[in-house]
Structure formats: C-alpha cells, structure tokens
> 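Please read through the structure below; I'll follow up with questions.
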Amino acid sequence: MKKNFLNLGLACAALLSAPVMAQSMPMSDALYQSFGQKAGIAKVIDNAVDRWMADPRIQPFFKDAVPQRLKFSLTEQVCQLTGGPCDYKGQDMKAAHAAMGVNKAAFNNLVEGLQLAMDAEKIPFTVQNRLLALLAPMNREIITVR
Amino acid sequence: MKKTTLLASAMGLILSTGLAQAETNKLLLTGGVSTIAGSAGGGLTPWAVIGTNATEGEIGFSSYASRVKTQDYSLNGYGVAIGIHDRVEVSLARQDFDASPTVALNGIAPFGISSGEHIKMDVLGLKVKVAGDAVLNSDTWMPQIAVGLEHKRVDPGSLQSVFNFLGVKDSGTDVYVSATKLFLNNGLLLNATLRSTNANQNGLLGFGSAMPGKNSRSLQPEFSAAYLLSKNVAIGAEYRFKPNNLQPHLPGSALAEDDWKDIFIAWAPTKNVSITAAYVDLGRIVSALNPNQRKQTGYYLSTQLAF
C-alpha cells in the first residue's frame with residue numbers, strides 16, 4: 001500500500017516535470033533488462049572506470065576520486081537512468097563536475113572508454129547507443145570549458 | 001591554378017610541421033568523410049559537421065584521394081582540409097575529369113578539342129558551424145547547423161571553345177546551409193543541405209549559361225541518411241538535386257543534367273583512416289556523346305586520413 005502511494009507520488013512528479021525528465025526517465029525498463037539488469041550494468045561500469053583510471057588523458061580528472069565509490073555511484077545512476085529499480089542519491093551532474101574543468105575532448109575520451117567497456121562486456125551496439133543517447137545530453141552540465 | 005597548388009603545399013607544410021601532431025579528440029566518424037568538393041560530409045553533399053578529428057579547442061588536418069568511374073567518364077580528386085576548434089573548416093580540392101568522349105564534338109562543329117582532354121577544377125571551401133551539436137544533444141530535435149561556400153575554378157583545356165559556345169563562366173561560388181542530426185538512440189544520421197548554385201555538372205561544365213540556357217542561380221536541396229552498423233561502419237544514401245541550365249542549347253536531352261544519387265558504405269579501420277565506397281548514379285552527362293544517351297552509373301572510392 002505504502003509503495004503504491006510512493007509510485008503515485010513519483011508518477012505525479014514525473015508528469016509535472018515531463019518536458020525536462022522525458023529523456024532521463026524511460027517509460028519501461030527495457031534498456032535496463034538489455035544490459036543484464038544491475039549486475040550487467042555494474043560489470044560495464046567496473047570495466048569503464050578501470051579504463052578511465054588507466055587512460056592518461058582521463059585519469060587526471062579523477063585524481064581525487066575513489067574508484068570503488070565512483071563505480072557504486074555510476075552503477076546506481078545508470079541503473080536508474082535505464083529504468084531499473086535504483087535510486088541515485090549522488091550529486092547532480094552540474095555540481096559534480098563544476099570544479100573539474102572538463103572540455104569536449106575529455107568528454108569524448110570518456111565516451112570512448114565507456115564504448116570500449118560496453119564492447120568488452122558484449123553489449124550489442126544498438127543497446128550501447130540507447131544508453132549513450134541518455135548520457136550524451138549531460139555534456140551540457142559536464143563540459144564547463146568551451 | 002598555380003596559386004591554389006602553392007596554397008595547398010603551404011597548408012601541407014604548416015600542418016606537417018606540428019599543428020596536426022597535437023592530439024585531437026573527436027569521436028569516430030563524427031567529422032564525416034571528405035566530399036568530392038573537399039568539404040566534410042557524405043560523398044556528394046556537405047554536412048554541417050566540421051571535418052578532421054579536432055574537437056573544441058583543437059586544430060586538425062585531413063587529406064583525401066577519391067575516384068569516380070562511370071561507363072563513359074572518370075573523375076579523380078584529392079584535397080586537404082583544416083578543422084579549427086570544431087567551428088571553422090577550410091578545404092581545398094582538385095578534381096580531374098577525364099572528358100575523352102568530348103572529342104566527338106569536333107564532328108558537330110570545328111571545336112578543336114584535343115583527344116583525351118581532361119577538365120580540371122579547384123575548389124576552395126569554407127564552412128562555419130553556427131549552431132547546435134549534431135552528436136551529443138540527443139534529447140532535442142535541434143540539429144547542428146553550418147553555413148558554407150565552395151568557390152570553384154575550372155580549367156576546360158581545349159574545351160574552352162565549347163565553354164565559349166555555351167557562354168558559361170569558368171568560375172562560380174556555391175553557397176549552402178546544412179543541418180545535420182544524429183539520432184543516437186537509433187544510430188541514424190540525417191542531413192539536409194540547401195545550396196545556391198549556378199554550376200553545371202558541379203562546375204565541370206562551367207557556371208551559368210548564355211541564352212537559351214539558364215544563367216541565374218537556383219536553390220537545390222541535397223539529402224543524406226546514414227545508419228551506423230557499428231562504431232566504425234556506416235551505410236547510407238544520398239540524393240542531390242541539380243540545376244539543368246544547359247539543356248535548352250540542344251534539342252532533346254543531349255545536354256540534360258540529372259540529379260545525383262548514391263548508396264555508400266564508410267569504414268574507419270582506425271581513428272585516422274576512413275574508406276568510403278559507393279555506387280553512384282550521376283544521370284546523363286552530355287549524353288549526346290554516349291551510346292543510347294545512357295545514364296552514368298558506376299563506383300566511387302575515397303580514402304581519408306584525418307588527424
């Protein structure tokens with residue numbers, strides 16, 4: 001019963017903010033399922049973060065990050081974004097990246113690392129693109145150096 | 001002609017001495033490939049993307065060589081481009097059109113056309129991105145928009161007499177606006193370009209025309225669609241509307257000009273190399289000279305190096 005009220009509340013909130021949230025709240029969990037649920041997402045994020053940390057172009061941006069915390073937080077975020085039953089409680093993208101000085105080159109490098117991670121985890125290309133389409137608009141909050 | 005060759009060498013020299021060695025970070029294939037006119041886009045039509053691998057804050061360089069072969073003609077091309085901050089693109093291309101069949105025109109009038117004549121054309125291109133991001137803003141319908149120009153100079157060799165007969169000019173400038181959008185969710189890229197032009201067969205048969213041909217500019221739309229099969233392979237098709245300025249000079253369709261179409265596959269084996277192959281349908285080209293006034297269909301091959 002309690003859960004129903006919560007869902008109703010979420011539905012109302014979603015309706016009110018529909019224009020903004022349309023992209024970040026998929027109607028179904030199809031994409032979440034395509035990634036092999038949370039375990040599948042965790043594997044991809046694990047792989048991606050390890051790649052970023054080993055990439056001299058990207059590593060400097062994460063010099064203060066704790067890899068395990070980053071992995072946990074990103075997994076929650078992607079889980080929620082793809083329609084999974086997760087509740088991302090981390091910072092919003094703007095606050096998280098305000099002091100990082102990310103330019104478009106760094107953003108692209110990050111995307112490349114994620115693509116390679118998804119390749120390594122055998123995520124089909126079309127499924128990869130559906131996730132990237134949800135993440136790419138975040139460039140507007142993440143890129144601060146133009 | 002000489003001036004542009006010099007400029008090309010200078011560009012090459014500047015670039016090979018350092019600028020292009022800095023790291024560039026565009027995502028794979030998002031700078032398009034080189035068009036036959038040197039600007040970045042598909043094969044036949046420019047897109048709103050800025051060529052080379054350079055993204056914001058970077059300067060990149062690309063070069064290409066291409067060949068088109070149809071039943072009666074062939075066109076070889078090569079060129080270079082600089083991409084500045086993913087904002088401005090300057091390109092230079094040279095085209096060499098094997099116009100050998102035109103020697104038959106000597107049988108119609110004493111044109112004095114040499115056998116094995118080639119028509120050469122240089123194209124200086126400039127493109128500026130004015131709005132949007134074709135790739136990353138996948139939550140909006142807003143495309144990337146660019147405006148550009150292609151300034152063309154053609155050297156018809158001994159076909160100058162035919163140029164004089166038709167009253168066509170040997171230089172012209174196309175102006176265009178392009179809108180390009182990658183629908184990332186579906187892996188589908190769409191482009192629409194609107195070109196203001198007075199070029200005949202892209203300029204290889206000069207620009208404008210004396211009466212009874214059409215001398216003025218016209219607006220011609222061009223469309224491309226590309227589907228990403230993987231990160232480094234795209235397939236697609238293009239349709240480019242063209243003016244038909246020269247047809248009224250001769251009875252029937254002897255000088256008719258048709259729209260250009262192609263289906264293509266582009267493959268980037270590495271970040272710095274792309275290879276494009278296409279089947280092209282260029283319609284009729286001075287079809288009076290060709291058996292059964294046939295359409296020109298054939299292949300297009302292009303290789304690009306980009307940094």
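Within every chain, numbering begins at 1; the chains are lettered A, B, ... in the order of the sequence lines, protein sequences first and strands thereafter.
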> Check whether L182(B) gets within reach of chain A through its side chain, its backbone, both or neither, counting any heavy atom under 4.5 Å.
neither
> With heavy-atom distances below 4.5 Å as the criterion, would you say the side chains of M118(A) and K231(B) are in contact?
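The answer is no, as the side chains (C-beta and beyond) never meet within the 4.5 Å cut-off.
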> Just verifying a value: how many Å separate S230(B) OG and Q115(A) CD, rounded to the nearest 0.5 Å?
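Separation between the atoms: 10.5 Å.
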> Under a 4.5 Å heavy-atom cutoff, which of V135(B), L229(B), T30(B), L28(B) has the most pairs with chain A?
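It is L229(B).
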> Could you tell me the separation between the CG atom of N185(B) and the CG atom of L134(A), rounded to the nearest 0.5 Å?
7.0 Å
> Has Y279(B) got more than 12 heavy atoms of other residues, nucleotides or ligands less than 6.0 Å from its OH?
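Count over threshold, so yes.
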> Provide the closest heavy-atom pair for S138(B) versus A133(A) in the form atom of the first, atom of the second, distance.
OG-O, 2.8 Å
> Given that the side chain runs from C-beta out, which part of N186(B) has a heavy atom under 4.5 Å from chain A: side chain, backbone, both or neither?
neither
> I'd like to know whether NZ of K129(B) has more than 12 heavy-atom contacts from other residues, nucleotides or ligands below 6.0 angstrom.
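Atom NZ in K129(B) is crowded, with more than 12 foreign heavy atoms closer than 6.0 Å.
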> Top residue by heavy-atom pair count (under 4.5 Å) with chain B, among L132(A), T126(A), L135(A)?
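The option with the most such pairs is L132(A).
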> Within the supplied structure, the quantity of interest is the number of heavy atoms (other residues, nucleotides, ligands) at a distance under 6.0 Å from R69(A) CZ; does it exceed 12?
no
> Quick one: does N108(A)'s side chain have a donor or acceptor within less than 3.5 Å of a partner on N25(B)'s backbone?
yes
> Applying the side chain to side chain contact (heavy atoms under 4.5 Å, CB included) criterion to L136(B), which one of K104(A), R140(A), M138(A) satisfies it?
K104(A)
